[in-house]
Novice: 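Have a look at the structure that comes next, please.
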Amino acid sequence: MGGGRGEVLNAYRVLLRATRKSFAGDTLMLNESAIEVRKKFEENRNVKSEAEIKKLLDDARDASDFITNMIVQAKLNPSGGGYAIKPGKEHAGATLEIPSEEILRKSV
(Lines give C-alpha, C1' and ligand atoms only; values in the text may rest on other atoms or scores of the structure.)
Protein backbone atom coordinates (compact mmCIF):
# COMPACT_ATOMS: atom_id res chain seq x y z
CA MET A 1 0.00 0.00 0.00
CA GLY A 2 1.41 3.42 -1.01
CA GLY A 3 2.77 4.94 2.18
CA GLY A 4 1.20 2.15 4.18
CA ARG A 5 -1.33 2.11 6.94
CA GLY A 6 0.37 5.02 8.72
CA GLU A 7 -0.25 7.36 5.79
CA VAL A 8 -3.91 6.34 5.64
CA LEU A 9 -4.35 6.85 9.40
CA ASN A 10 -2.64 10.22 9.16
CA ALA A 11 -4.96 11.33 6.34
CA TYR A 12 -7.94 10.18 8.44
CA ARG A 13 -6.76 12.13 11.50
CA VAL A 14 -6.01 15.28 9.49
CA LEU A 15 -9.49 15.17 7.96
CA LEU A 16 -11.13 14.75 11.38
CA ARG A 17 -9.06 17.64 12.79
CA ALA A 18 -10.21 19.85 9.91
CA THR A 19 -13.86 19.07 10.65
CA ARG A 20 -13.39 19.67 14.39
CA LYS A 21 -11.85 23.08 13.71
CA SER A 22 -14.35 24.20 11.08
CA PHE A 23 -17.46 22.97 12.91
CA ALA A 24 -16.39 23.76 16.50
CA GLY A 25 -19.43 24.27 18.70
CA ASP A 26 -21.85 22.59 16.28
CA THR A 27 -22.33 19.09 17.72
CA LEU A 28 -24.60 17.95 14.91
CA MET A 29 -22.16 18.93 12.15
CA LEU A 30 -19.23 17.49 14.13
CA ASN A 31 -20.96 14.14 14.58
CA GLU A 32 -22.31 13.96 11.02
CA SER A 33 -18.97 14.89 9.47
CA ALA A 34 -17.11 12.32 11.62
CA ILE A 35 -19.60 9.63 10.56
CA GLU A 36 -19.20 10.59 6.89
CA VAL A 37 -15.39 10.59 7.07
CA ARG A 38 -15.38 7.18 8.78
CA LYS A 39 -17.83 5.80 6.21
CA LYS A 40 -15.67 6.94 3.27
CA PHE A 41 -12.54 5.37 4.74
CA GLU A 42 -14.41 2.13 5.59
CA GLU A 43 -15.81 1.91 2.04
CA ASN A 44 -12.27 1.92 0.70
CA ARG A 45 -10.67 -0.31 3.32
CA ASN A 46 -10.02 -3.17 0.89
CA VAL A 47 -8.61 -1.13 -2.00
CA LYS A 48 -5.31 -2.74 -3.03
CA SER A 49 -4.32 -0.76 -6.13
CA GLU A 50 -1.40 1.58 -5.41
CA ALA A 51 -2.76 4.11 -7.92
CA GLU A 52 -6.24 4.04 -6.39
CA ILE A 53 -4.87 4.36 -2.84
CA LYS A 54 -2.78 7.36 -3.93
CA LYS A 55 -5.86 8.94 -5.52
CA LEU A 56 -7.94 8.34 -2.38
CA LEU A 57 -5.21 9.86 -0.18
CA ASP A 58 -5.00 12.87 -2.51
CA ASP A 59 -8.79 13.21 -2.31
CA ALA A 60 -8.62 13.10 1.51
CA ARG A 61 -5.95 15.84 1.51
CA ASP A 62 -8.04 17.95 -0.86
CA ALA A 63 -11.09 17.49 1.37
CA SER A 64 -9.07 18.54 4.45
CA ASP A 65 -7.82 21.65 2.65
CA PHE A 66 -11.32 22.51 1.45
CA ILE A 67 -12.88 22.12 4.90
CA THR A 68 -10.09 24.12 6.55
CA ASN A 69 -9.81 26.92 4.01
CA MET A 70 -13.16 27.22 2.26
CA ILE A 71 -15.76 26.81 5.01
CA VAL A 72 -16.47 29.52 7.54
CA GLN A 73 -19.24 28.79 10.00
CA ALA A 74 -21.36 31.75 11.06
CA LYS A 75 -21.67 32.27 14.82
CA LEU A 76 -24.61 33.82 16.66
CA ASN A 77 -23.91 37.45 17.45
CA PRO A 78 -24.74 37.77 21.19
CA SER A 79 -25.07 41.56 21.01
CA GLY A 80 -28.19 42.02 18.96
CA GLY A 81 -29.01 38.79 17.20
CA GLY A 82 -28.09 37.71 13.75
CA TYR A 83 -25.00 35.83 12.76
CA ALA A 84 -21.44 37.06 12.42
CA ILE A 85 -18.76 35.63 10.18
CA LYS A 86 -15.13 35.94 11.27
CA PRO A 87 -12.98 34.43 8.56
CA GLY A 88 -9.29 33.98 9.21
CA LYS A 89 -6.45 34.51 6.73
CA GLU A 90 -6.79 30.89 5.64
CA HIS A 91 -10.37 31.54 4.49
CA ALA A 92 -9.70 33.73 1.45
CA GLY A 93 -12.49 32.83 -1.01
CA ALA A 94 -14.40 30.75 1.55
CA THR A 95 -18.07 29.83 1.42
CA LEU A 96 -20.57 30.59 4.17
CA GLU A 97 -21.61 27.60 6.28
CA ILE A 98 -25.01 28.10 7.87
CA PRO A 99 -25.19 26.61 11.37
CA SER A 100 -27.13 23.38 11.72
CA GLU A 101 -30.73 23.31 12.95
CA GLU A 102 -29.45 22.21 16.37
CA ILE A 103 -27.43 25.40 16.79
CA LEU A 104 -30.29 27.53 15.48
CA ARG A 105 -32.72 25.96 17.99
CA LYS A 106 -30.33 26.56 20.90
CA SER A 107 -29.97 30.22 19.97
CA VAL A 108 -33.70 30.99 20.12
Side-chain angles (χ1 to χ4, degrees):
M1 178 144 85
R5 180 176 165 85
E7 190 174 357
V8 172
L9 287 174
N10 185 56
Y12 179 73
R13 288 186 194 112
V14 167
L15 196 45
L16 286 180
R17 270 195 303 273
T19 62
R20 283 195 299 266
K21 181 181 176 197
S22 291
F23 301 123
D26 189 337
T27 309
L28 180 63
M29 283 299 291
L30 284 169
N31 290 341
E32 292 296 320
S33 61
I35 290 167
E36 188 63 24
V37 168
R38 177 72 183 231
K39 184 175 103 177
K40 290 293 184 193
F41 276 79
E42 287 292 336
E43 284 173 2
N44 295 296
R45 177 183 286 273
N46 296 317
V47 172
K48 301 286 186 237
S49 160
E50 291 279 338
E52 185 64 17
I53 291 168
K54 182 184 181 317
K55 181 188 178 313
L56 290 166
L57 288 171
D58 287 345
D59 289 349
R61 286 186 203 98
D62 289 346
S64 297
D65 288 344
F66 182 85
I67 291 166
T68 299
N69 300 314
M70 299 303 289
I71 295 176
V72 180
Q73 190 170 47
K75 307 267 189 236
L76 181 63
N77 185 347
S79 62
Y83 286 83
I85 302 169
K86 295 183 181 172
K89 291 178 192 170
E90 72 274 14
H91 294 118
T95 59
L96 170 64
E97 173 63 32
I98 304 299
S100 71
E101 289 296 318
E102 177 192 34
I103 293 294
L104 293 173
R105 280 194 302 275
K106 283 181 183 175
S107 68
V108 175

Novice: Whether the side chain of N44 engages the backbone of V47 through a donor-acceptor N/O pair (distance < 3.5 Å, no angle test) should be reported.
Specialist: no
Novice: Take V37 and I35 through the test side-chain contact (heavy atoms from CB on, under 4.5 Å) and record every step on the way to the result.
Specialist: CA-CA 6 Å; V37 168; I35 290 167; over 6 Å; no
Novice: Is a donor on one side and an acceptor on the other found under 3.5 Å between the side chain of T19 and the backbone of L16?
Specialist: yes
Novice: Taking the side chain as every heavy atom from C-beta outward, state whether L15 and F41 have any atom pair closer than 4.5 Å.
Specialist: yes
Novice: Does one hydrophobic cluster hold both F66 and V14, with members joined at side-chain heavy-atom distances below 4.5 Å?
Specialist: no
Novice: Can you tell me how far apart CG (L56) and CD (E43) are? Round to the nearest 0.5 Å.
Specialist: 10.0 Å
Novice: Do E42 and R45 sit within salt-bridge range, that is, some charged N less than 4.0 Å from a carboxylate O?
Specialist: yes
Novice: So, the side chain of N10 versus the backbone of G6: is there a donor-acceptor pair under 3.5 Å, distance only?
Specialist: no
Novice: Give the intermediate values and the outcome of side-chain contact (heavy atoms from CB on, under 4.5 Å) for residues R61 and D58.
Specialist: CA-CA 5 Å; R61 286 186 203 98; D58 287 345; 2.9 Å; yes
Novice: Mind checking the CZ-CE spacing from R20 to M29? Nearest 0.5 Å is all I need.
Specialist: 15.0 Å
Novice: Closest heavy-atom contact between A18 and I67?
Specialist: O-CG2, 3.5 Å
Novice: Any carboxylate oxygen within less than 4.0 angstrom of a Lys/Arg side-chain nitrogen, looking at D59 and K55?
Specialist: yes
Novice: Does S33 use its side chain to pair, donor to acceptor, with the backbone of L30 at less than 3.5 Å?
Specialist: yes
Novice: Run F23 and E32 through side-chain contact (heavy atoms from CB on, under 4.5 Å) and show every step you take.
Specialist: CA-CA 10 Å; F23 301 123; E32 292 296 320; over 6 Å; no
Novice: Working to the nearest 0.5 Å, report the span between NZ of K54 and OG of S49.
Specialist: 11.5 Å
